[in-house]
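Just below is one structure, and these are the notes that go with it.
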Amino acid sequence: MLTALTIENVENKKWYKKIFYKLRGNSIRVDIKSARGVVLRNITYINRNGRIDWYALDSEIGTQRNHLLCDESIILPENRGFKRFENTEFKIQLACNLGVFVLSKLKGVVPDIKVGLFDADASCSSVLEDLVKYCKNVVAVSDNVDEYTENIQKISEECGAEVFVSSNRANLSDCNLVIAPARITEALPISGGAIVLSGFAPTVCTAGLVYFDYHFRMPNMFDKIKPESLSNEYFAGALYTKGRQYELGSIVATTCSNFTSSQTPRSICDYLARMSAG
C-alpha cells in the first residue's frame, strides 16, 4: 500500500468565517483507491486554523511515515520520523529512456553524432547496450571503469561496436548529446551547444542545454488514483519503486524541461541534426 498526504489549507478573510473555522477545528479525510493491483491511501488534512496537528496525522499515517508521498512544499517534522518519498530510480530511468529514444530516431539520419554517458559511480552501465544499438560513437566517463568491463565485452561480441571508457571528463567535450542520469555535482567540460539529459537539476553551473524535468501522460487507471497535488513524474516514480509497477520503466517523456525552457523528443532530434549538418 502507498500512502499520500495532502494538506488542504482553507482560507477566508471574512471575520465570521475565521471564527467559524477556529471553532470547527481541523479534520482529516482518508480515501482509499486502487488500480492495477496498487492500493493508495490518500490522507487529506483540512487545515482551517493555520496549524497542523502532526500527532493526529501520525496515528493516521502509521508505518508509512518514512516514505510518505507528498508535495515538496509540505515541511515534514523530522522529530517524528516523517520522511518524504524521493523519486530517484524512476527519474534516472526517464533520462536514459529519452536519450535512447532520441538516438533511435536519429539512426541513419545523423551518422556522425557523438554521445557521452557520464556515470561516475557506474550505476547505469547497462544503458550502454541500448545506446550502441543506435550510435557507434559512444564514450562512457566513469570513476569506476572496471565496472564497465563486462558490459563492454558483451557489447563488442554482440553488436560489434567499440565503446571507449575513461575516467577523464575531457572526453565529454566534443559530445553532441550527454546523458548524465545521476545528479551533476561537478563542473564538466561540456560543449555549450550540447544537449544534456539528467535525472536531476545540477548543483553546479553546467554548460550545454540541460534538461531534468520529464513530462508524460499518466497511464490509464493510475491517473484515476493520483492525488492532484502530485506530479505525474513523482507519482509514477512511487508506483515504479514502491508499487513494483516496473512496466512504467519503459515510459518515454513527451517533453523535458529545465527552469526556463522545454523540448520535445522531435525538437531535440531536429536540433542535433542541425548541429551535425552545421
Side-chain angles (χ1 to χ4, degrees), residues 91-120 122 124-142 148 151-182 184 187-202 206-216 249-258 260-278:
K91 284 180 69 67
I92 285 173
Q93 191 66 43
L94 286 174
C96 293
N97 288 356
L98 184 54
V100 172
F101 180 78
V102 166
L103 288 178
S104 72
K105 297 302 179 182
L106 289 174
K107 185 179 181 181
V109 179
V110 187
D112 56 346
I113 187 172
K114 184 175 181 180
V115 177
L117 173 62
F118 178 62
D119 182 25
C124 298
S125 60
S126 59
V127 76
L128 268 180
E129 189 171 352
D130 293 321
L131 294 177
V132 299
K133 290 178 182 177
Y134 308 109
C135 180
K136 300 304 180 184
N137 194 5
V138 179
V139 57
V141 175
S142 175
Y148 275 85
N151 280 332
I152 292 174
Q153 292 176 341
K154 180 181 178 181
I155 290 170
S156 297
E157 294 172 0
E158 296 182 359
C159 304
E162 292 288 335
V163 179
F164 181 69
V165 181
S166 171
S167 61
N168 188 352
R169 274 62 170 165
N171 289 297
L172 297 171
S173 62
D174 59 346
C175 291
N176 310 108
L177 172 66
V178 175
I179 301 170
I184 299 174
L188 297 173
I190 296 174
S191 167
I195 293 286
V196 182
L197 301 177
S198 183
F200 312 88
T206 303
L209 306 174
V210 187
Y211 299 97
F212 45 80
D213 278 333
Y214 300 92
H215 311 272
F216 52 88
S250 62
I251 286 177
V252 175
T254 52
T255 61
C256 60
S257 62
N258 50 36
T260 59
S261 63
S262 63
Q263 295 262 23
T264 64
R266 175 63 181 271
S267 66
I268 292 176
C269 288
D270 291 344
Y271 175 82
L272 291 173
R274 289 196 303 271
M275 278 188 65
S276 177

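The structure presented is a predicted model; accordingly, all values stated were derived computationally and were not measured. Heavy-atom basis, side chains included; hydrogens, waters and symmetry copies ignored.
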Can you check side chain to side chain contact (heavy atoms under 4.5 Å, CB included) on Val165 and Val139, steps first, answer last?
CA-CA 6 Å; Val165 181; Val139 57; over 6 Å; no

Dump the intermediate steps for side chain to side chain contact (heavy atoms under 4.5 Å, CB included) on Val252 and Phe216, then the final yes or no.
CA-CA 7 Å; Val252 175; Phe216 52 88; over 6 Å; no

With salt bridge (Lys or Arg N to Asp or Glu O under 4.0 Å) as the criterion, how do Arg266 and Asp270 come out once you've worked through the C-alpha distance, each side chain's angles and the decisive distance to 0.1 Å?
CA-CA 6 Å; Arg266 175 63 181 271; Asp270 291 344; 3.4 Å; yes

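At a threshold of 4.5 Å between non-hydrogen side-chain atoms, the residues Ile113 and Cys135 count as touching. Between Val196 and Ile184 the shortest side-chain heavy-atom distance falls below 4.5 Å. Looking only at side-chain heavy atoms (C-beta outward), Val163 and Tyr148 stay at 4.5 Å or farther from each other. Residues Leu131 and Ile179 form a side-chain contact, since some pair of their non-hydrogen atoms from C-beta on lies under 4.5 Å apart. When side chains are defined from C-beta on, Ile92 counts as touching Phe200, because their heavy atoms get closer than 4.5 Å.
Atom OG of Ser198 and atom CZ of Phe212 lie 8.5 Å apart (nearest 0.5 Å). Between the OG atom of Ser142 and the CG atom of Leu117 there is a distance of 8.5 Å, given to the nearest 0.5 Å. Taken from CD1 in Ile190 to SG in Cys175, the straight-line distance is 8.5 Å, to the nearest 0.5 Å. Between Leu172 atom CG and Phe118 atom CZ the span is 7.0 Å, to the nearest 0.5 Å. One finds the CZ atom of Phe101 at 7.0 Å from the SG atom of Cys269 (value rounded to the nearest 0.5 Å). Here the CG-OG1 distance, from Leu98 to Thr264, works out to 9.5 Å after rounding to the nearest 0.5 Å.
The two residues Lys107 and Lys133 come nearest to each other via the heavy atoms NZ-O, 3.2 Å. Between Ser191 and Ser173, the shortest heavy-atom contact is CB-O, 3.6 Å. For the pair Gln93 and Gly249, the tightest heavy-atom approach, listed with the atom from each and the gap, is CG-O, 3.2 Å. Minimum heavy-atom separation, Gly193 to Tyr271: O-OH, 2.6 Å. Between Ile268 and Gln263, the shortest heavy-atom distance links the atoms CG1-CB, 3.7 Å. Here the closest heavy-atom approach between residue Leu177 and residue Gly99 is recorded as CD2-O, 4.2 Å.
Proximity of a side-chain donor or acceptor of Thr254 to a complementary backbone N or O of His215 within less than 3.5 Å is detected. Of the possible polar contacts, one joining the Lys91 side chain to the Gly199 backbone as a donor-acceptor pair under 3.5 Å is found.
For the side-chain contact (heavy atoms from CB on, under 4.5 Å) criterion with Val115, the lone passing option out of Leu272, Leu103, Val178, Leu106 is Leu103.
Side-chain contact annotation: Tyr214 with Asn97, donor-acceptor N/O pair under 3.5 Å absent.
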